[in-house]
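Remember, it's 1-based here, ligands and their atoms both numbered in the order they're listed.
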Amino acid sequence: MLAFSAKTMLVIKTEKELKSHLSSFGNEKSLGLVPTMGALHRGHVALVHRAISENDTTIVSIFINPTQFNNLEDLKKYPQSLIGDIQILEKLSGKIIVFAPSVEEMYPNGVTSVPYQFDGLDKVMEGAFREGHFNGVGTVVETLLKLINPDKAYFGEKDFQQLQIIKKLVEIKDIPVDIIGCPIVREPNGLAMSSRNKRLSTTLRKEAGLIYKTLETAKKKFGTESAKSIVDWVKNQFKGHPYLKLEYIEIVDVETLMPIKRKQDNGKYRAFMAVYANNVRLIDNIALN
Ligand code: PAF
């Protein structure tokens with residue numbers, strides 16, 4: 001059987017089954033897509049709520065995409081919980097369709113990614129520290145968008161660089177879809193929701209609250225201080241920290257994602273950080289103005 005129904009929810013595993021299901025949809029019905037790698041948390045739930053509220057039908061894809069992992073250990077440790085994920089989605093709405101394909105289904109011609117030109121958006125921050133990551137993301141998102149042909153697709157702002165790159169992807173590939181960025185959902189201590197948080201001990205989860213606390217202070221400082229002095233101040237907050245290791249802090253222009261030297265009156269800026277909590281890599285960002 002190609003598709004199976006969980007209690008109330010349709011879970012589709014193959015492209016063929018997905019296409020035949022989608023072909024029964026009228027053109028007048030709107031379709032929302034929430035692409036995920038599973039291990040769903042409240043951040044994903046917020047994306048799904050938004051998709052449900054804006055579309056007649058919502059598809060949630062659950063696929064751990066191997067080509068976007070530059071580190072095999074990270075891929076191996078990535079949490080997998082399809083049954084738990086389906087239960088979470090079932091509680092939200094029985095009408096969601098889950099698309100959970102295999103690697104062979106998504107990469108019938110071999111597990112490789114397409115090389116894209118994202119106008120330099122992929123060369124900084126995550127792109128600089130995770131070689132090939134955004135080609136992997138682009139490849140799987142392009143495949144999903146072309147397969148499903150949604151009216152709108154929803155992505156969290158925790159991965160703000162990814163969001164900008166996906167907007168660029170649909171522009172260069174001329175894919176007719178609205179890419180919707182949704183606000184970061186946070187744990188009570190400010191830690192941005194992430195599937196990786198599941199790998200943090202209680203102590204690390206508590207300590208990792210420093211990431212958002214630092215970003216909030218950076219935002220306050222942005223009104224009066226230079227980008228360089230804020231970057232130096234952030235670096236100092238993590239110096240010698242027993243659990244947290246800062247990988248990068250950047251203050252960048254939102255459109256180009258290039259680090260800024262001098263603020264312009266009409267510029268829009270954001271601060272981005274990547275931090276290791278032991279061996280768990282966490283990212284976060286904040287709008288500065
Ligand atoms: O943000 C993610 O979870 C992934 O990068 C995405 C967009 C689902 C592509 O695999």
V140 heavy atoms within 4.0 Å reach ligand 1 at atoms 9 (C), 10 (O)
Whether over 12 other heavy atoms sit under 6.0 Å from Y107 OH | yes
Specify side chain, backbone, both or neither for I166, according to which of its non-hydrogen atoms lie closer than 4.0 Å to ligand 1.
-> neither
Salt-bridged, K76 to E73, with N to O below 4.0 Å?
-> yes
What about N65: any of its N or O atoms under 3.5 Å from an N or O on ligand 1?
-> no
Does an N or O from Q68, backbone or side chain, lie closer than 3.5 Å to an N or O of ligand 1?
-> yes
How far is atom 3 (O) of ligand 1 from its nearest protein heavy atom, and which residue and atom is that?
-> M37 CG, 3.8 Å
Just jot down the ligand 1 atoms closer than 4.0 angstrom to any heavy atom of Q162, in number order.
-> 1 (O), 2 (C), 4 (C), 5 (O), 7 (C)
Ring centroid separation F25 to H21 under 6.0 Å = yes
Within the 6.0 Å centroid threshold, strictly below: F118 and F134 = no
Above 12 or not: heavy atoms from other molecules or residues under 6.0 Å from NZ of K198?
-> yes
What atoms in ligand 1 come closer than 4.0 Å to a heavy atom of P35?
-> 8 (C)
Check D151 against S30 and note the closest heavy-atom contact, atom names and distance.
-> OD2-CA, 3.2 Å
